[in-house]
Amino acid sequence: MSRSVPVGLGARAYDVVIGPGLLAEAGRRIAPLARRKRLAVVSDETVWGLHGAALTASLEGAGLAVHPVIVPPGEQTKSFEGLADVTDRLLALELDRGDIVTAFGGGVVGDLTGFAAAIYKRGIDFVQIPTTLLAQVDSSVGGKTAIDTPRGKNLVGAFHQPRLVLADLDVLSTLSDREMRAGYSEVIKYGLLGDFGFFEWLETNSAAVLAREPAALARAVARSVEMKAEIVAEDEKEQGRRALLNLGHTFGHALEAETGYGAALLHGEAVAAGQALAFRFSAAQGLCAGQDAARATAAIAGAGLPTRLDEIAGHPFDAARLVRHMAQDKKAEAGQLTFILARALGDAFVAKDVDAEAVRRFLVSEGAQMHEGEGR
Ligand code: GLY
């Protein structure tokens, strides 16, 4: 029932296993990695409350001693304080390099735990068990780990690949519809950036994926992970092609920064609007056909995700402020704005020299305000 997608990174290669019922198999699959037959499981209160007993039973059934490290849910946990807390608790458990740390949760838990594992005693092995759609198709795969600082999100971190990723599709049944849609934004991203056939399939199957119909969900997650694995294997440290995975993220991060990185606009929702904006900006620049931008927008909107600024709390946004957030984006090099733009549906590319003034004008055409004297 499950399938494995290999992430081909030589000595650090690992599998992403996708399927139903994987919590029950976690013990059997993780035990060979844990030399001392003990592991810490970092999770948040919500996920642990829903699924902690099932995971513990599976791990203990395979002869592993389980040490839960439970943290508060929410983005604020992905901080220096949260990192200090988790590493201190791992030290108190006297874990050493023969042990395993397991991240059991969404992107916050995965990013925080992965970073703690990267620096704990100069690096300890870790396993990802992602429990949100977004984490299953994006953040648990590829080894990007990080915490936020008051200056921005994901600004302190490390590349640290997991030894194994277990994406249990059954766990998504407890996810809210809104969280499903937010994760779906990253699924459609793979179609838009590099697989027109997948995009077309999603156009007709988005409702089935969002309704968690097993076959559709499995196909959507597996194709997304396959594409991510292929890109990461080719460009682990984001020297080139991996940046394509940031489609929609430059516009999206600016919107998140303006809305406070909270429940007003989830990351996936920001990326959804960001992808629609990236396609329409590409069309406005004459890079892709207007009908492709319209079709991308319709597919994103059809999944119940925002595609326009006026759908987002906080509108009207200030165009100059949005562009300033983009310029501070860690992907900006030497003052030039880097965007992932599109030539067509399924054909995105990295544009490193995007003119900030053109972006400002475009945002105004999208309904943002232009304050007088700014951006001229
Ligand atoms: N989420 C983008 C990446 O992993 O590169």
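Atoms within each ligand, like the ligands themselves, are counted from 1 in listed order.
The shell of residues lying under 4.0 angstrom from ligand 1, judged by heavy atoms, includes Lys228.
For Arg28, the CZ atom counts as densely surrounded, since its 6.0 Å shell holds more than 12 non-hydrogen atoms of other residues, nucleotides or ligands.
Within the cation-pi definition used here (under 6.0 Å to the ring centroid, within 45° of the axis), Arg163 does not qualify as a partner of Phe126.
With ligand atoms numbered from 1 in the order given, ligand 1 contributes 3 (C), 4 (O), 5 (O) to contacts under 4.0 Å with heavy atoms of Arg242. Contact atoms of ligand 1 toward Leu245: 2 (C), 3 (C), 5 (O) (distance under 4.0 Å to a heavy atom of the residue).
Between His249 and His253, the angle of the ring planes goes over 60°, which puts this pair in the perpendicular group of the 30/60° scheme.
Only side-chain heavy atoms of Asp138 come within less than 4.0 Å of ligand 1; its backbone N, CA, C and O stay farther off.
An N or O contact shorter than 3.5 Å is missing between Lys189 and ligand 1 by distance.
Look at Lys153 and Asp148 and you find no salt bridge, because none of the NZ, NE, NH1 or NH2 atoms lies under 4.0 Å from a carboxylate O.
No side-chain donor-acceptor contact under 3.5 Å links Arg212 and Ser173.
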